[in-house]
Amino acid sequence: MSKWYPKNGRVIFHLDMNSFYASVEMAYNPKLKGKPLAIAGNPEERRGIIVTSSYEARAKGVKTTMPLWQAKRLCPELLVMRPNFERYRKASSEMFKMMAEITPYVQPVSIDEGYMDVSHCHHLGSPLDIAKGLQFRIKNDLDLPCSIGIAPNKFLAKMASDMQKPMGLTVLRKRDLKTKLWPLAIEEMYGVGQKTADKLQNVGIHKIGDLVDANTFELKRILGINGERLQQRAKGEDTSPVDPDAIYDFKSIGNSETLREDTVDDSTLTMLLRKLSRKVATRLARKEVVGQTVQIMIRYYNRKTITRSITKSTYLSSETDIFSVATDLFELHWNGEPIRLLGVTVQGLIEKSQVAEQLDLFRYQEQAGNEALHEVVEQLTTKYGKNPFQSFTSSVDKDQPRTSFQKDFLDDFRK
Amino acid sequence: MKFIIQRDLLLESIQHVMKAISSRVTIPILTGIKIEAIEAGIKLTGSDSDVSIESFIPKENDGIVNVEQIEPGQIVVQSKYFPDIIRKLPLKTLEINTDDQFQVNIVSGGSEFHLNGQDAMEYPQLPVLHTDNSFEIKNDLLKELIKQTVFAVSTVETRPILTGVNMRLEDNLLNFVATDSHRLASRKIPLSTENEGLSFKDVVIPGKSLVELNKIIDDSEETMSISVTENQILFQTKNLYFLSRLLEGNYPETSRLIPEQSKTTVLTQTKALLQAIDRASLLAKENRNNVVKLETKGNNQLQISSNTPEVGQVIEEVTTESINGEDLKISFSAKYMIDALKIIQEDHVEIDFTGAMRPFIIKPHENEQILQLILPVRTY
């Protein structure tokens with residue numbers, strides 16, 4: 001079988017679920033099939049934006065991140081549903097399980113996409129057969145469509161899965177780059193956002209192929225180290241491994257929210273900061289991590305956006321602590337202009353079990369305030385093996401994350 | 001000004017006064033070394049206005065001539081160049097002379113330097129200390145006091161007073177105390193000479209000053225005189241004058257923070273414990289607090305362990321002389337423990353614990369003069 005596998009290379013799949021939330025809803029309720037369906041946030045509010053939509057809706061011009069009112073105008077018969085995260089979470093978990101049955105080298109990227117390294121799956125057949133089988137199982141068992149890109153590295157696999165939707169199966173070989181990759185517009189390239197695309201277009205790079213021919217030094221000057229990396233990728237080089245643990249190496253946890261209307265009202269802004277701090281604290285608690293740095297993001301009415309952060313000497317995890325640091329930062333850096341969006345992020349995360357609080361000679365009595373309680377917990381922990389008092393997390397579990405929820409879902413995978 | 005001097009003696013003095021010289025000073029002339037030639041010898045001065053050091057090279061020492069052909073005068077030379085020049089001169093002796101344009105000429109063998117100097121009249125006058133608060137102590141004892149306490153001063157300015165060592169004198173007992181609020185080191189020494197009625201408690205010497213002083217003074221039986229005023233302290237030997245500013249403010253009362261009873265008492269060999277902690281900390285370094293865990297086991301066994309999931313884990317068993325009292329499980333910074341054990345010269349050490357969340361005491365067995373206190377860490 002190994003004749004289909006390169007001697008010194010890798011075979012990487014990128015699996016991308018097609019309009020995932022909409023597809024899951026359709027699998028739950030087959031009557032929705034074939035209809036223009038959109039999943040959106042709160043439909044009554046401005047922040048009700050399209051999270052995803054079915055292909056029928058996309059045909060009418062409905063796009064992700066489009067405000068609901070605009071989508072309705074384009075497609076009056078659009079069916080709108082609020083997200084049912086529990087359903088998506090379950091479907092996602094099933095899908096990753098199927099991937100993990102093929103190889104342990106599965107790297108989830110978000111709730112609906114992931115990489116897998118099948119370089120050592122000779123015994124299962126050719127890569128194309130494996131991909132077909134996987135796509136069939138997901139369609140058959142879960143009633144969900146997906147596209148799979150097959151390539152010698154992660155970047156090309158990602159580009160390949162994008163080339164054919166829905167239910168695509170695309171092989172992208174190095175020798176195909178000239179015809180399949182390089183003619184694509186630069187903003188189609190994975191890793192190139194609007195800002196990067198603008199910068200590249202300014203220097204005459206409009207297609208991915210232009211990037212290949214560009215001067216490396218000039219790229220480095222415009223985009224820094226990322227410029228060089230993008231060029232390597234455009235050339236079809238990407239050595240990054242499929243890392244099953246990458247998803248767990250989260251470096252920060254943050255939430256942001258757009259206000260109903262641009263405002264300078266102190267109490268509204270403070271309330272939002274508190275709400276965001278609470279959300280972040282909840283997510284920190286859920287992951288059992290603490291962080292040292294708090295960052296706030298302020299987006300003004302004119303979309304000008306600033307981020308400011310401060311690193312504390314102690315680790316923060318509680319809503320009160322995060323809120324107080326975020327408020328200080330906010331008061332220091334807000335220029336008084338109307339605000340459209342606020343964000344709070346905690347960075348420099350480490351696992352709570354890794355943190356030790358050094359007691360202070362002059363304060364240890366108050367620090368040790370719950371000493372007796374701690375001792376009992378410790379004794380019970382020794383007796384039962386695991387701290388029996390972590391049951392609080394159940395209430396955390398039910399708390400539905402709303403914005404940056406995607407990665408949190410993946411905690412369930414492989415539990 | 002002119003003189004011919006032994007190069008090594010001059011170099012030694014330069015190195016002493018350089019300890020006080022900083023490149024970041026508000027008065028530019030303080031970046032220089034002041035050289036003063038008088039009939040009796042040569043005096044060098046360095047200062048950063050917090051610490052001032054004078055080092056004197058007598059013309060003769062026990063009949064051995066150090067300095068010749070002295071023509072009195074004074075000059076300030078650039079500390080950036082002067083020490084290196086002297087160090088690299090070809091002969092064992094050198095001549096220094098100056099002209100009225102503050103030009104400094106350094107001649108040694110075939111080597112001749114002309115260095116721009118500055119008018120010594122612009123160098124600030126060192127304060128003259130007027131005090132009766134003086135006492136004497138042997139050099140080696142003072143060095144011991146410094147070494148056994150100064151490591152525990154705070155290195156952060158959150159509570160500036162804790163960056164200093166608290167010096168107390170009461171009932172002829174001299175006591176140095178330092179704490180960074182996470183551990184505390186205390187050393188007492190009875191003074192040999194009578195100092196009737198002399199007592200003070202709020203003298204706080206910057207830790208940095210003591211570190212430098214310790215580098216300069218020799219480990220000898222010679223006597224040093226210590227004089228204290230309200231805001232300055234002077235350490236003086238025959239040829240050295242070390243003046244330091246004192247820290248302002250009240251040093252926290254630490255004696256009542258030291259636990260009086262013990263719930264678990266461990267008696268063990270100092271070296272064996274130090275080495276076990278040192279090994280356990282090899283893995284603990286990865287996690288920021290350098291934490292190790294200590295646990296009492298049966299049969300006078302202590303277990304020291306550390307676990308850093310990404311790196312691995314280590315378990316050390318230490319056989320102690322005795323463990324009395326309650327069972328104990330406690331976590332603390334390996335660094336603090338190593339610091340504390342390192343300065344204990346005695347073979348055996350006694351550790352008194354009063355619970356996992358309370359400070360514990362480390363002291364040499366049957367020596368009440370040294371006391372170390374460490375605050376544990378709370379782990380989740």
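Sequence lines set the chain letters: A, B, ... in the order given, protein chains first and strands last, and positions in each chain run from 1.
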- Task: Please state whether the side chain, the backbone, both or neither of L184(B) comes within less than 4.5 Å of a heavy atom of chain A.
- Result: side chain
- Query: Which bit of L162(B) is near chain A, if near means a heavy-atom gap under 4.5 Å: side chain, backbone, both or neither?
  - Reply: side chain
- Task: Please check if atom CD in E248(B) has more than 12 non-hydrogen atoms from other residues, nucleotides or ligands closer than 6.0 Å.
- Result: no
- Query: With a 4.5 angstrom heavy-atom cut-off, which part of S181(B) approaches chain A: side chain, backbone, both or neither?
  - Reply: both
- Task: Kindly compute the distance separating CE (M357(B)) from OH (Y364(A)), expressed to the nearest 0.5 Å.
- Result: 11.0 Å
- Closest heavy-atom contact between H182(B) and L359(A)? CD2-O, 3.4 Å
- Note on the structure: Scanning both residues in full, the closest heavy-atom pair of Q358(A) with S333(B) reads OE1-CB, 4.1 Å
- Query: For the atom pair CG (L361(A)) and OG1 (T179(B)), what is the distance rounded to the nearest 0.5 Å?
  - Reply: 5.0 Å
- Task: Determine whether more than 12 heavy atoms belonging to other residues, nucleotides or ligands lie under 6.0 Å from atom NE2 of H120(A).
- Result: no
- Side chain, backbone, both or neither of R256(B) within contact of chain A (heavy atoms, under 4.5 Å): neither
- Should we count CZ of F353(B) as having more than 12 external heavy atoms under 6.0 Å? yes
- Message: If you count heavy atoms of other groups shown closer than 6.0 angstrom to CD of Q261(B), is the number above 12?
- Response: no
